[in-house]
There are 2 protein chains.
Amino acid sequence: MTLSEKNYAFVMHCGEMGSRWGFNRTIGQMCGLLIITKEPMTANEIADGLSISRGNVSMGIKELQSWRLIKVQHIPGDRKEYYAPAGTIWDMANRVFEERKKREIDPTLSLLRDNIIEEAHNDDERFAQQQMQEIHDLLETVTKWSAELQRLSPEQLQSLMKLGSGIGKVLDFKDKILKKP
Amino acid sequence: MTLSEKNYAFVMHCGEMGSRWGFNRTIGQMCGLLIITKEPMTANEIADGLSISRGNVSMGIKELQSWRLIKVQHIPGDRKEYYAPAGTIWDMANRVFEERKKREIDPTLSLLRDNIIEEAHNDDERFAQQQMQEIHDLLETVTKWSAELQRLSPEQLQSLMKLGSGIGKVLDFKDKILKKP
DNA sequence: CATAGTTTTCATTATTTATTGAAACTTAAA
DNA sequence: TTTAAGTTTCAATAAATAATGAAAACTATG
């Protein structure tokens, strides 16, 4: 099975973007390939399709599984493992988002917390601590918010997303309502 | 000027996180250092503080400026350039967010648009196009949304952020109101 | 306009990260 | 069991990325 020119371009683009999205080129390509391929693929098909080594695919699969982006499937009477995207595009985007939060925000939040609870010993530390407090508060707000979004039902999310420029209005509205009593 | 142990730990952490945040180790360190240092710093002070070469600092400054994270200041009677964070922590987070969107989302959106307007030639391309359409729609929604958030006044944002679990309620509320007429 | 203080550039070198492929491992079926 | 189809591991190698530092380029000032 060979990719059409357009599909190949998409897969290569995913590779180029891979490192920006949090993984590396090969893994980006694998992800793109599995998304645009209707049927689940074997590791060998992936290796052939992308002209990379079998070992590399094996490692890539492990990584994609750690991101919960792909799932394994089996075909009766066939010993090979078949791989396919784990869920909808939306699901996958969510996973990437979550996983990145875990890698990009949580460690910093943890360090900041540790640092903030200790007392500052001089002016430099005092100033630094104020700054860290600000970063901490910001990250915590973002964290709470994203957790909140995850908790909304898909319908509510849809509704929220479609709100667009209506957000401001709804907020004003809410303020008016809540301030009355 | 030497960093206290705690401040040093913070700066090193910024370095380790640097690549996750979209730049590299040195630039992460520079950013952290400038944030926790009250006074603007010269390039040489930065180089000394982080034990890196002067040339590296120069490149880092250029990069941080391209992210609009630092600004230059001058002291009368002193020819050196002094660097300081450009704005509040909130401002900086916003810049990083914007800049990353530009690098991580916009190029893909553009490729997807190009790909979607062309007609598919066979089943494989048809399926791929459907998937790309989904990714496109998702990214576009996210893009619109973040633009929307940028447009809100800081007070509205505060209000929205503090809403937390109230989001669901406000949404339900809005639905009721809007559906009445 | 010459100079000294300062910043930038970029070829070279060092470091980090990714890839290969052969060997080791796993496992279903004979 | 043994075998063979399939997968994983990991030491060696290749590729990409970052850092150095000396030379070039600026630029205020006398």
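Lettering of chains follows the sequences in order, A, B, ..., and the numbering in each one begins at 1.
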Undergrad: So, are B:Arg100 and B:Glu104 salt-bridged, with charged N and O less than 4.0 Å apart?
TA: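 A salt bridge links B:Arg100 with B:Glu104.
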Undergrad: Rounded to whole angstroms, how far apart are NZ on A:Lys62 and P on C:dT26?
TA: 13 Å
Undergrad: Whole Å only: how far is the NZ atom of A:Lys80 from the P atom of C:dT26?
TA: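 Taking atom P of C:dT26 as the reference, NZ of A:Lys80 is at 21 Å.
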Undergrad: Do B:Tyr83 and B:Gln65 have side chains that get closer than 4.5 Å, going by heavy atoms?
TA: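 In contact.
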Undergrad: Tell me which of B:Arg79 and B:Arg25 sits closer to the 5' end of DNA chain D, going by the nucleotide each one is nearest to.
TA: B:Arg25
Undergrad: Please report the distance, rounded to the nearest Å, between CE in A:Met59 and P in D:dA11.
TA: 13 Å
Undergrad: To the nearest angstrom, how far is B:Leu50 atom CG from D:dA18 atom P?
TA: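 Computing the B:Leu50:CG to D:dA18:P distance gives 16 Å.
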Undergrad: Using a 4.0 Å heavy-atom cut-off across all strands, classify A:Thr42 as base, sugar-phosphate, or nothing.
TA: nothing
Undergrad: Please answer: with hydrophobic residues joined when any side-chain heavy atoms are less than 4.5 Å apart, are B:Phe127 and A:Leu33 in the same cluster?
TA: no
Undergrad: Could you tell me the separation between the NE2 atom of A:His74 and the P atom of C:dA29, rounded to a whole number of Å?
TA: 11 Å
Undergrad: Counting side-chain heavy atoms from C-beta on, which of C:dA18, C:dT7, D:dG6 comes nearest to A:Asp78?
TA: D:dG6
Undergrad: With distance as the sole test, does A:Ser110 use its side chain to make a donor-acceptor pair with the main-chain N or O of A:Asp106 at under 3.5 Å?
TA: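 No, A:Ser110 side chain to A:Asp106 backbone: no donor-acceptor pair under 3.5 Å.
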Undergrad: Quick one: on DNA chain C, does A:Asn24 or B:Tyr82 contact a more 5' nucleotide (nearest heavy atom)?
TA: B:Tyr82
Undergrad: Rounded off to whole Å, could you give me the CZ-to-P distance for the B:Arg20 and D:dT17 pair?
TA: 17 Å
Undergrad: When the distance from CG of B:Asn56 to P of D:dG21 is rounded to whole Å, what number comes out?
TA: 11 Å
Undergrad: What is the distance, rounded to the nearest whole Å, between atom CZ of B:Arg54 and atom C1' of C:dT7?
TA: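 That distance rounds to 6 Å.
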Undergrad: Heavy atoms only, 4.0 Å cut-off, all strands: where does A:Ile61 land among base, sugar-phosphate and nothing?
TA: nothing
